[in-house]
Amino acid sequence: MTNKTEIQSLAFRELTFDDLDAVAAIEASVAPSPWSRTLFEGELSLPAGQRLWLVAQQADQVVGFAGVMFVGDDVHVMNIAVAPNFQRQGIARRLLATVLRRSVVSGARHATLEVRDGNDAAIELYRRFRLGPVGIRNSYYEDGEDALILWAHDIHLPSYIKLLDRLALPREAIQ
């Protein structure tokens, strides 16, 4: 586990092709049905404005990533992951807050995602972002597990922006 000084030095930036090996390795280490490096490559090759991919970087190491897709004024969180050695340190929370904040700047008004029905840690994270369940996608994942469909509306309003700004802070700053 890293110390508080290291956690505060966390930086967020756009994903580049140079990051793909690190991102694919993180994905393979945490996802039951991981995305391939080729799939991430394809995401980066799409025209500007369709996607936003960010990485969380600690010193010279990519420790997490998040990607969203824009559909009208909706932002769909497609993937978010943190390397196992860096989990439970608030990185996913800060990463999600940052990608959603940037999405609002790009015109998003509503956010949605699917999450494994049994992924209690992720569901709790999304609850903090006021993403609430609206339905189920039966057998959504390759292994047959259902997905909960979550939505947050009006993420462009000042009260939600204030929430995002607070959730983007290091853990020590919000406790």
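As the structure is a computational prediction, the values presented were derived from the model and not from experiment. Position 1 is the first residue of the sequence; numbering continues from there.
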**Q** Who pairs with Glu43 by side chain to side chain donor-acceptor pair (under 3.5 Å), at least two apart in sequence or on another chain?
**A**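 Testing Glu43 for side chain to side chain donor-acceptor pair (under 3.5 Å), a comparison that skips the adjacent residues, returns Arg51, Trp53.
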**Q** Please go through Ile149's hydrophobic cluster and name the other residues, only I, L, V, M, F, W, Y counting, with side-chain heavy atoms under 4.5 Å joining them.
**A**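 Traced through the cluster, Ile149 reaches Val134, Trp151.
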**Q** Checking Asp146 side chain against Asp117 main chain: does a donor-acceptor pair fall under 3.5 Å?
**A**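 Pair absent, no side-chain N/O of Asp146 close to backbone of Asp117.
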**Q** Can a donor-acceptor pair be found, under 3.5 Å and without considering hydrogens, that links the side chain of Asp154 to the backbone of Leu157?
**A**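 Here the side-chain-to-backbone pair does not exist.
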**Q** Does Glu27 reach the main-chain N or O of Trp35 with its side chain, forming a donor-acceptor pair under 3.5 Å?
**A**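 Yes: the side chain of Glu27 pairs with the backbone of Trp35.
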**Q** Between the main-chain N or O of Gly144 and the side-chain N or O of Glu142, is there a donor-acceptor pair closer than 3.5 Å?
**A**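 It does not hold such a pair.
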**Q** Within a strict 4.5 Å, meaning less than it, do heavy atoms of the Glu41 and Leu20 side chains meet?
**A**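 Answer yes - side chains close enough.
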**Q** Would a hydrophobic clustering, with Ile, Leu, Val, Met, Phe, Trp and Tyr connected at side-chain separations under 4.5 Å, put Leu96 with Val115?
**A**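 Yes: a chain of side-chain contacts under 4.5 Å links Leu96 to Val115.
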**Q** Please, which pairs that meet ring pair (Phe, Tyr, Trp, His ring centres under 6.0 Å) have at least one residue in residues 124-143, sequence neighbours excluded?
**A**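 Counting only pairs at least two positions apart or across chains, no ring pair (Phe, Tyr, Trp, His ring centres under 6.0 Å) contact touches residues 124-143.
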**Q** Got a donor-acceptor contact below 3.5 angstrom from the Arg93 side chain to the Leu167 backbone?
**A**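 Indeed, once roles are kept as given, a pair shorter than 3.5 Å links the two residues.
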**Q** Could you tell me whether the side chain of Glu114 and the main chain of Arg137 form a donor-acceptor pair under 3.5 Å?
**A**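 No, the answer is negative, given that no donor and acceptor are paired below the 3.5 Å cut-off.
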**Q** Within the structure provided, determine whether Tyr160 and Leu100 are in side-chain contact (heavy-atom separation under 4.5 Å).
**A**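 Touching, per the 4.5 Å side-chain cut-off.
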**Q** Between CG of Leu54 and OG of Ser103, what distance do you get to the nearest 0.5 Å?
**A**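 One finds 8.0 Å between CG of Leu54 and OG of Ser103.
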**Q** Any side-chain heavy atom of Leu131 sitting closer than 4.5 Å to one from Val77?
**A**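 The answer is no; the side chains never approach within 4.5 Å.
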**Q** Give a yes or no on whether the backbone of Leu150 and the side-chain of Thr112 come within a donor-acceptor separation of less than 3.5 Å.
**A**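 Present.
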**Q** Within the side chain of Asp19, is there an N or O that forms a donor-acceptor pair under 3.5 Å with the backbone of Thr16?
**A**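 Pair found, side chain donor or acceptor close to backbone of Thr16.
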**Q** Compare all side-chain heavy atoms of Ser106 with those of Leu52 and state whether any distance is below 4.5 angstrom.
**A**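 The answer is no; the side chains never approach within 4.5 Å.
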